[in-house]
Amino acid sequence: FLAGFLEQMDLEPSGAAFARFLVAGVIMVPTLLYPRLVRPEVFLAGFECGLWISLGYFTQAIGLEGAQANTAAFICALTVVVVPFMEAVVFQKKLPAQVWAAAALALAGV
């Protein structure tokens with residue numbers, strides 16, 4: 001619903017991103033006002049996750065700003081393949097065959 005509303009407002013991409021994060025921040029206000037609602041370790045884990053996601057979102061937006069549409073679509077689609085590969089290499093996790101099959105199908109689709 002928010003995406004449709006923002007689309008109708010004819011905002012610039014930065015304004016739309018600001019509005020999305022503002023709504024997410026407003027939704028999280030009760031956890032700041034009433035800290036007993038969330039255990040501290042859950043709050044910190046959520047904060048860290050949100051920090052990394054925000055950082056990724058903004059760096060992606062900056063990178064896509066100067067790229068051509070076809071290059072940007074190709075790079076974004078490759079994340080489906082790169083993430084399992086990096087998980088296997090960096091964290092040395094043995095991934096199920098289903099993950100590799102899904103990555104192969106995604107790569108074929110790209």
Phe18 CZ: over 12 foreign heavy atoms closer than 6.0 Å: no
Scan the side chains in residues 95-109 for donor-acceptor partners under 3.5 Å anywhere in the protein, sequence neighbours excluded, and list what turns up.
none

message: Are more than 12 heavy atoms, taken from residues, nucleotides or ligands other than Phe74, located less than 6.0 Å from that residue's CZ atom?
response: no
message: Is there a path of hydrophobic side-chain contacts, each under 4.5 Å between heavy atoms of I/L/V/M/F/W/Y residues, joining Leu37 to Met28?
response: no
message: Would you say that Val81 contacts Phe85 through its side chain, given a criterion of any heavy-atom pair below 4.5 Å between the two side chains?
response: no
message: Do Phe21 and Val29 sit in one hydrophobic cluster, given that two such residues count as connected whenever their side-chain heavy atoms are within less than 4.5 Å of each other, even indirectly?
response: no
task: Establish whether Val38 and Leu33 are linked, either directly or via other cluster members, by ILVMFWY side-chain heavy-atom contacts under 4.5 Å.
output: yes
message: Would you say CD of Gln68 has more than 12 non-hydrogen atoms from neighbouring residues, nucleotides or ligands within 6.0 angstrom?
response: no
message: Applying a strict under-4.5 Å side-chain criterion to I, L, V, M, F, W and Y, I'd like to know whether Tyr34 and Phe43 cluster together.
response: yes
- line: When every non-hydrogen atom of Val80 is compared with those of Pro84, the smallest separation belongs to O-CD, 3.1 Å
